[in-house]
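Reading through the structure tokens given below for one structure.
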Amino acid sequence: MNLITETAAWLTDPAQWSGPGDIPQRLLEHLGLSALSLLAALAIALPAGLFIGHTRRGTALAANLANIGRAIPSLAVIGIVLPFTAAIDPQLGFKVYPTLVAMVILAIPPILVNAEAGVIGVDRDLVESARAMGMREAQVLRSVEIPVALPVILTGIRSAATQIVATMTLGAIFGSGGLGRFLVEGIAQNDDGKIFGGVVLVASLALVTEAVFAVLQRAGTSAGLRRPEPNRRAIPSVVT
Amino acid sequence: MRLSRTLALGASLLVLLSACSTGGGSKPTIKIGSVGFDEARVVAEIYAQALEADGYTVDRAGIGLGSRKVLLPALESGQIDLQPEYIGSGLASGYGGASTSDPATNRTELQKVLDGKGGGITVLDYTPAVDTNALVVRKDTADQYNLKTWGDLAAVQNDLKWGLATDCPTNPVCAKALKDAYGIDPADVTLLDACSTPMADALLAGTIDVAELCSTGPEIIVNGWVRLEDDKGTQPADNIAPLVRNDFLAKTDKAAFSKILNDISAKIDTPTLAQLYYDVAVGLKDTKDVASAWLKANGFVK
């Protein structure tokens, strides 16, 4: 049997679709933890990025923090965090929290940097006009800067979501659930079908995530921004 | 500076030239590999340094390469020439053979299988040291449930959280042996690397109550854990033996080469192995330092 038929055989084996540890269960675990990580990262990085973009304070600090966040390997984060969280809760602190923390750290930089860059890139004339019309600062942010910057902000979230879905597999080394289990168990059990079945599932999920966020991004772009007039100043290019 | 560079270049050319002149009795470069955990790495390093002391050049790129899944194909295809192997588990989980608790039988059986692999692979003498798969519990768990043997675990299996090796479900000496011999098929199992830090961490933190570790594992002693007895003798005798490719043996003086490794293997008994493992995993010493100290202390190198 070659790799393709082995992988297909594994993916279509009814045993993989029912019972504990089957594909639907691992998929749900993967999606659940990914969504939780993304929400936590959004709660931290989005307000911070918007604030920095609006006030233009702390841009250097944010850039440095984001770079540090990108430089730390997720596997190292899991290893460092694990002893502390496991001491607090022997079950979730071992199998779930370390991966969660690593994924939040992974997702913060793209969200933060894009929110900041998106807001900074908004046409100054627009912002000043809004202020001249009597808008308060919060109104300027909410009614002018965020809608105009939304495509860039969403690009950051899209990038973060895809990275989480793909990197989440690492947690399986430390007993976490999710699709990474198929990779880790497949390698240990000398089962190529399981390894590449898992690979196909993770890669497909990452592509689907990318597609879903691309649709969201399109829907979230204000109609006035979709076809910029020729002499209009361009929206800053995507920062990922 | 320039002079030293020229010298270095000349020296490396000489090494290249001498490596090219192969043939019976020469001492070509040997590529050594091992699985990832500390004990296997330190044993591989001991073999490596002993061969270096005898004039061989050693390529260590394969030491700590990965699991059997990675290592055996590397040996069969000639990407490595030598690896220390746990003969019982190697036979059972590497090649699907039936391993026993008798190391001599395991060696004979493994040799039969390896005769037909990668143009022939030789199993040299095995160590008196045995490192077998062990089920380990914390002292408080052992006291609470009055656990001494694997048989004792059967009755309380679902009160406990189990940590078993990632390859356990398909490993004939793991899940199948537990189920067939003891009726153990627990509901709550976390699969982790056996003999690894995450497994020990999980037992320490209480994530799991029963851990599959190596019997020589230093965490067992350090933490005062209780190793339960495999009262039905399901686990194979995992003595360690070097596996060497025949095409490599053909290039060198086979008898002298084998003698070097066999003399060393004969000296490695279970307490020695446990101490070597301890020095690396708990003492946090470099495998190279631990290996060279042991070789000096036992008179293999000066």
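Bear in mind that the values here come from a model prediction, so they are computed numbers and not experimental data. The analysis underlying the following values was restricted to heavy atoms, covering all of them including side chains, and did not include hydrogens, waters or symmetry mates. Letters A, B, ... are given to chains in the order of the sequence lines, protein chains preceding strands, and every chain is numbered from 1.
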Discussion item. For the backbone of B:T166 and the side chain of A:Q189, can you confirm whether one donor and one acceptor N or O come within less than 3.5 Å of each other?
Written reply: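 Confirmed, A:Q189 side chain pairs with B:T166 backbone.
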Worksheet entry | B:R68 (side chain) donor-acceptor with A:A188 (main chain) under 3.5 angstrom |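 Absent.
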Atom group of [X] that falls short of 4.5 Å from chain B, counting heavy atoms:
X: A:I88; value: neither
X: A:A87; value: neither
X: A:L92; value: neither

Worksheet item: Which region of B:D201, side chain (C-beta onward) or backbone (N, CA, C, O), has a non-hydrogen atom less than 4.5 Å from a non-hydrogen atom of chain A, or is it both or neither?
Response: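 Contact with chain A is through both the backbone and side chain of B:D201.
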Worksheet item: By a 4.5 Å heavy-atom criterion (distance strictly below it), what part of B:T190 contacts chain A: side chain, backbone, both, or neither?
Response: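 The side chain, not the backbone.
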Fill in: Nearest non-hydrogen partners of A:F94 and B:P198, listed with the distance
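Shortest heavy-atom separation between A:F94 and B:P198 comes out as CZ-O, 3.4 Å.
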Worksheet item: Of the non-hydrogen atoms in B:A205 and A:P90, which two are nearest, and what is the gap between them?
Response: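 Looking at all heavy atoms of both residues, the closest pair is O-CB, 3.2 Å.
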Discussion item. Using a 4.5 angstrom heavy-atom cutoff, name the option from B:V70, B:N171, B:L192 with the most pairs to chain A.
Written reply: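 So the answer, after comparing B:V70, B:N171, B:L192, is B:L192.
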Worksheet item: Do other residues, nucleotides or ligands put more than 12 heavy atoms under 6.0 Å from B:Y278 OH?
Response: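 No - once you tally the heavy atoms of other residues, nucleotides and ligands closer than 6.0 Å, there are 12 at most.
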Fill in: Enclosure of B:Y145 OH (heavy-atom neighbours >12, cutoff 6.0 Å)
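It does: B:Y145 OH has more than 12 such atoms within range.
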Worksheet item: Side chains of A:K95 and B:T207: donor-acceptor distance under 3.5 Å anywhere?
Response: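 Judged by distance alone, the side chains do not pair up.
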Item to complete: Assess whether side chain to side chain contact (heavy atoms under 4.5 Å, CB included) is satisfied between A:E185 and B:T170, documenting all intermediate values.
Response: CA-CA 10 Å; A:E185 288 174 22; B:T170 55; over 6 Å; no
Worksheet item: If you measure from CG on B:D188 to CD on A:Q91, what distance do you get to the nearest 0.5 Å?
Response: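 Result: 6.5 Å between the selected atoms.
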